[in-house]
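Working notes, structure below.
Remember, it's a predicted structure, so these values are computed and weren't measured experimentally. What's counted below: heavy atoms across the whole structure, side chains too, no hydrogens, waters or symmetry copies. Proteins come first, then strands; the chains are lettered A, B, ... in the order of their sequence lines, and each starts at number 1.
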2 protein chains.
Amino acid sequence: MLAAMSLRIALLGLLTTVGPASGYDLAKTFDGSLNYVWQAGHTQIYPELVKMHADGLVTVEAEGARGRKIYAITPEGERELRTWMEEHDPVLPGRSEIALQAFLLHLVDHDQAIAVVERIRARYRAQLERLKALRPGEFGRHAHALGLTLARAGLQWADTTLADLRGD
Amino acid sequence: MLAAMSLRIALLGLLTTVGPASGYDLAKTFDGSLNYVWQAGHTQIYPELVKMHADGLVTVEAEGARGRKIYAITPEGERELRTWMEEHDPVLPGRSEIALQAFLLHLVDHDQAIAVVERIRARYRAQLERLKALRPGEFGRHAHALGLTLARAGLQWADTTLADLRGD
DNA sequence: CGGTACATGTAAAAGGTTACATGATTTC
DNA sequence: GAAATCATGTAACCTTTTACATGTACCG
């Protein structure tokens with residue numbers, strides 16, 4: 001069993017949380033709230049559901065109009081999900097364009113550096129606003145709190161850095 | 001020109017910051033400090049340098065012992081790097097195993113939830129310690145500050161969440 | 001009957017990881 | 001002369017993105 005497969009876990013988690021759903025539904029949910037913690041488009045979700053079906057983690061519970069297929073999690077899928085939560089040691093994101101720009105700030109001149117940090121600030125600001133606008137429950141409560149905390153921290157860094165750059 | 005290509009930017013940034021270097025050197029630097037903002041192994045770096053050479057962004061300045069090749073950034077490479085810093089709107093990391101576990105916390109029982117958050121806490125703690133141990137200058141000053149701020153925020157979330165879980 | 005939302009897919013390319021492979025130089 | 005480090009690479013595989021492709025049902 002591979003270490004990654006987080007897309008699988010996200011799908012199994014959604015099926016457990018919201019009950020049986022189609023790939024289309026799951027893609028919408030990704031778009032609406034889960035996308036703050038894990039992103040995936042329908043072109044990744046549909047084939048993955050087929051593989052999960054082959055692996056016995058989900059079943060096709062019903063087929064509706066327009067070829068709609070309703071997937072439900074199986075006991076084996078539940079076991080896989082629980083095992084991952086209990087045993088998987090999560091890794092910190094190892095790539096961040098924002099952190100890379102921060103890292104390379106010294107390579108651009110003073111005014112450009114300010115512009116870069118202001119762009120980063122706007123990103124964190126937008127993230128914070130989007131998270132604040134989410135209805136509670138639309139997003140896992142603890143993940144929501146984590147997202148808010150990290151967005152506020154990023155914003156704080158941007159403000160401190162701008163003050164530093166301007167007042168030198 | 002594609003939107004991503006951040007590995008290229010990271011390599012160009014390093015060549016500008018530390019001067020001409022071999023793929024081996026660059027891989028070491030990735031390992032030592034840049035890895036907090038962008039990760040890449042030598043198997044990704046070597047072929048990328050070859051492509052960047054073909055695209056005129058770097059030159060092979062010298063060849064040393066053991067087939068060592070010293071790459072230097074070209075004016076075109078400098079232009080590419082500057083353009084990215086000036087124009088690229090950075091995106092927030094869209095996938096986090098930590099956030100995914102936080103999102104799915106409600107699916108495991110109380111004791112397991114505490115164990116999950118403690119594991120996450122240990123991750124942020126280790127990150128914070130590693131960043132604090134870095135000699136200043138070994139890591140871009142602003143990226144270092146951002147890393148510290150985000151690690152402290154994650155730690156804070158973990159502490160708050162643990163208190164919340166324990167005192168219900 | 002035209003537009004929007006529903007619903008599912010495939011294929012090619014890009015980005016990233018793991019395993020394999022080779023050989024030179026230095027240090028003890 | 002054995003071990004560690006230097007130094008570069010390839011191949012297979014997995015993950016993710018982008019572009020292409022198709023057809024159904026509902027709403028006005």
(request) Find the distance A/Gln44:CD to C/dG16:P and express it as a whole number of Å. (result) 14 Å
(message) Going by the rule side-chain hydrogen bond (donor to acceptor under 3.5 Å, both in side chains), which residues pair with A/Glu118 if we only count those two or more places apart in sequence or in a different chain?
(response) A/Arg166
(request) Using ring pair (Phe, Tyr, Trp, His ring centres under 6.0 Å) as the criterion, list what pairs up with A/Tyr36, not counting sequence neighbours. (result) A/Phe139
(message) So for B/Thr43 and C/dT18, does any side-chain atom that can act as donor or acceptor lie under 3.5 Å from a complementary atom in the base?
(response) yes
(request) Calculate the interatomic distance between A/His42 atom NE2 and D/dT16 atom C1'; express it in whole Å. (result) 13 Å
(request) For A/Arg125, check side chain to side chain contact (heavy atoms under 4.5 Å, CB included) against everything at least two apart and list the hits. (result) A/Arg121, A/Leu128, A/Glu129, A/Leu155
(message) Please enumerate all residues that pass salt bridge (charged side-chain N to carboxylate O under 4.0 Å, His left out) together with B/Arg141, with sequence neighbours excluded.
(response) A/Asp164
(message) My understanding is that only residues two or more places apart in sequence, or in another chain, count here; which of them pass side-chain hydrogen bond (donor to acceptor under 3.5 Å, both in side chains) with A/Ser22?
(response) A/Asp25, A/Arg68
(message) Does anything in residues 47-63 of chain B come within less than 4.0 Å of DNA chain C? Heavy atoms only, and list the residues if so.
(response) none
(request) Calculate the interatomic distance between B/Met5 atom CE and D/dT17 atom C1'; express it in whole Å. (result) 16 Å
(message) In this structure, how many angstroms lie between the C1' atom of C/dG16 and the CZ atom of B/Phe30, rounded?
(response) 12 Å
(request) Report which part of the nucleic acid A/Arg95 touches: base, sugar-phosphate, or nothing (heavy-atom distance under 4.0 Å, all strands). (result) sugar-phosphate
(request) Taking only the side-chain heavy atoms of A/Tyr71 (C-beta and beyond), determine which of C/dG16, D/dT16, C/dG9 contains the nearest atom. (result) C/dG9
Can you pull every protein N or O that's under 3.5 Å from an N or O on nucleotides 1-7 of chain C?
| residue | atom | partner | partner atom | Å |
| --- | --- | --- | --- | --- |
| C/dC6 | OP2 | A/Tyr24 | OH | 2.7 |
| C/dC6 | O5' | A/Tyr24 | OH | 3.3 |
| C/dC6 | O4' | A/Arg66 | NH1 | 3.2 |
| C/dC6 | O3' | A/Arg66 | NH2 | 3.4 |
| C/dA7 | OP1 | A/Arg68 | NH1 | 3.4 |
| C/dA7 | OP2 | A/Arg68 | NH1 | 2.7 |

(message) Rounding to an integer number of Å, can you tell me how far B/Leu11 CG sits from C/dG15 C1'?
(response) 14 Å
(request) Please check if any side-chain donor atom of A/His106 sits under 3.5 Å from a side-chain acceptor atom of B/Thr17, or the reverse. (result) yes
(request) Apply side-chain hydrogen bond (donor to acceptor under 3.5 Å, both in side chains) to A/Asp31 and list each qualifying residue two or more places apart in sequence or on a separate chain. (result) none
(request) Apply the side-chain contact (heavy atoms from CB on, under 4.5 Å) test between A/Leu11 and each candidate in A/Val58, A/Leu26, A/Thr29; give the one that qualifies. (result) A/Leu26
(message) Please list all pairs meeting salt bridge (charged side-chain N to carboxylate O under 4.0 Å, His left out) that have one or both residues in residues 43-58 of chain B, counting only residues at least two apart or in different chains.
(response) B/Arg8-B/Glu48, B/Arg8-B/Asp55, B/Glu48-B/Lys51
(message) Please report the distance, rounded to the nearest Å, between CD1 in B/Ile9 and C1' in C/dG15.
(response) 15 Å
